[in-house]
Chemist: 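Below is a structure I'd like to ask you about.
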Amino acid sequence: MRHRKRGSLSIVLFSALVLTSCSTHALGSATRESTYPYWEKGAGATEAAAFMKMQIPKGATDVKGAVQVNPREDEYILSFSTGKSTAAQVAKDLHSEEPLASWGIKSTQESELFGHLGLAEPKTLKDALWAGVCPPCAKDDRRRNVAWMEIYIENLDSVQARVYLRAF
């Protein structure tokens, strides 16, 4: 009988330990996940360009960037104004299988990423051009650690354009 009580006590203690560890983990996970997403302090255009393995064009103005930290994949955003031909060259350097094309979908989406930089979301811009690419799929070895990149180009006037880049 004594052996049986000890066995029962062991099972009760083990069950309590398992339940406690599961509930503690769940609380920790919920707390941890509620802190996401957040903007990485001190990370800007330099860090975004480095992740994207690209050079910010010489003469680019109003250069802005940021890193949004997420539980699975961080988002890197970069934007700048430059000449239209330079913007087209940046798009070409992505090695997208599809050429730049009109985004075509009118979106009234609230700020998600670029609003953090004080810019309109490129999906909401009239006549913005878009291209996207999976760098590893396009065999772009420079960017083998980048799962997805996309570019939007907004024509500002007859000479200048604003480039919006997003990568994760």
Chemist: Which pairs with one or both residues in residues 143-153 pass salt bridge (charged side-chain N to carboxylate O under 4.0 Å, His left out), sequence neighbours excluded?
Modeler: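 Counting only pairs at least two positions apart or across chains, the salt bridge (charged side-chain N to carboxylate O under 4.0 Å, His left out) contacts touching residues 143-153 are Asp93-Arg143, Asp140-Arg143, Glu150-Arg166.
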Chemist: Can you give the donor-acceptor pairs under 3.5 Å from side chains of residues 47-59 to other protein atoms, not counting sequence neighbours?
Modeler:
unit_1: Glu47; atom_1: OE1; unit_2: Gly44; atom_2: N; d: 2.7

Chemist: Taking all non-hydrogen atoms of both residues into account, name the closest pair between Gly115 and Glu121 and its distance.
Modeler: N-OE2, 3.0 Å
Chemist: State, yes or no, whether a side-chain contact exists between Met149 and Pro135 at a heavy-atom distance under 4.5 Å.
Modeler: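 Yes - at least one pair of side-chain heavy atoms lies under 4.5 Å apart.
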Chemist: Does any pair with a residue in residues 51-88 pass disulfide bond (SG atoms under 2.5 Å apart), and if so which ones, sequence neighbours excluded?
Modeler: none
Chemist: Keeping to residues at least two apart or across chains, list the side chain to side chain donor-acceptor pair (under 3.5 Å) pairs with something in residues 61-71.
Modeler: Asp62-Arg162, Gln68-Asn70
Chemist: Excluding sequence neighbours, so at least two apart, what forms side chain to side chain contact (heavy atoms under 4.5 Å, CB included) with Ala88?
Modeler: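 By the side chain to side chain contact (heavy atoms under 4.5 Å, CB included) rule, Ala88 matches no residue at all.
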Chemist: Evaluate the criterion side chain to side chain contact (heavy atoms under 4.5 Å, CB included) for residue pair Phe80 and Thr86; output intermediate values, then yes/no.
Modeler: CA-CA 11 Å; Phe80 51 85; Thr86 302; 5.7 Å; no
Chemist: If you compare all heavy atoms of Ala167 against all heavy atoms of Val146, which two are closest, and at what distance to 0.1 Å?
Modeler: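 Nearest heavy atoms, Ala167 then Val146: CB-CG1, 4.0 Å.
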Chemist: Go through Ile77 and Val67 one step at a time and tell me if the side chain to side chain contact (heavy atoms under 4.5 Å, CB included) criterion holds.
Modeler: CA-CA 6 Å; Ile77 58 173; Val67 178; over 6 Å; no
Chemist: Residues in side chain to side chain contact (heavy atoms under 4.5 Å, CB included) with Asn145, at least two apart?
Modeler: none
Chemist: Report whether Leu100 and Val163 are members of the same hydrophobic cluster (ILVMFWY, side-chain heavy atoms less than 4.5 Å apart, transitive linking).
Modeler: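 Both belong to a single hydrophobic cluster.
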Chemist: Is there a side chain to side chain contact (heavy atoms under 4.5 Å, CB included) between Phe114 and Ser79? Walk through the geometry before answering.
Modeler: CA-CA 8 Å; Phe114 289 92; Ser79 184; 4.3 Å; yes
Chemist: Just jot down the side chain to side chain contact (heavy atoms under 4.5 Å, CB included) partners of Lys84, sequence neighbours excluded, or say none.
Modeler: Asn155, Ala161
Chemist: How long is the gap from NZ on Lys123 to CH2 on Trp130, to the nearest 0.5 Å?
Modeler: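 CH2 of Trp130 is found 9.5 Å from NZ of Lys123.
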Chemist: Write down the atom of Gly132, the atom of Ser96, and the distance for their closest heavy-atom approach.
Modeler: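 In terms of heavy atoms, the two residues are closest at O-OG, 2.9 Å.
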Chemist: Do Leu113 and Glu75 come within less than 4.5 Å of each other through their side chains, counting heavy atoms only?
Modeler: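 When only atoms from C-beta onward are counted, Glu75 and Leu113 do touch, with a gap below 4.5 Å.
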Chemist: Has Thr82 got a side-chain atom pairing as donor or acceptor with Ala87's backbone, closer than 3.5 angstrom?
Modeler: no
Chemist: Mind checking what makes side-chain hydrogen bond (donor to acceptor under 3.5 Å, both in side chains) contact with Tyr164, not counting sequence neighbours?
Modeler: Glu154
Chemist: Enumerate the disulfide bond (SG atoms under 2.5 Å apart) contacts for residues 47-76, please, sequence neighbours excluded, ordered by first and then second residue.
Modeler: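 Sorted result for residues 47-76: empty, none.
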Chemist: Looking at Val133 and Leu94, what are the two nearest heavy atoms and their distance?
Modeler: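 Residues Val133 and Leu94, closest heavy atoms: CG1-O, 3.5 Å.
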Chemist: Which pair of non-hydrogen atoms, one from Glu98 and one from Ala131, has the smallest distance, and what is that distance?
Modeler: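 For Glu98 versus Ala131, the nearest heavy atoms are O-CB, 4.3 Å.
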Chemist: Answer with yes or no whether the hydrophobic clustering places Val63 together with Tyr152; edges join I, L, V, M, F, W, Y residues whose side-chain heavy atoms lie under 4.5 Å apart.
Modeler: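 As far as the 4.5 Å side-chain criterion goes, Tyr152 and Val63 are not connected within one cluster.
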Chemist: Taking ILVMFWY side chains as joined if any heavy atoms are under 4.5 angstrom apart, and letting links pass through other members, which residues group with Leu156?
Modeler: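 Members besides Leu156: none; it forms no cluster.
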Chemist: Between CG of Asp127 and CG of Leu125, what distance do you get to the nearest 0.5 Å?
Modeler: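 Spacing of CG (Asp127) from CG (Leu125) equals 9.5 Å.
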Chemist: For Cys137, what residues pass the side chain to side chain contact (heavy atoms under 4.5 Å, CB included) criterion, not counting sequence neighbours?
Modeler: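 Scan of Cys137 (side chain to side chain contact (heavy atoms under 4.5 Å, CB included), adjacent residues dropped) gives Cys134.
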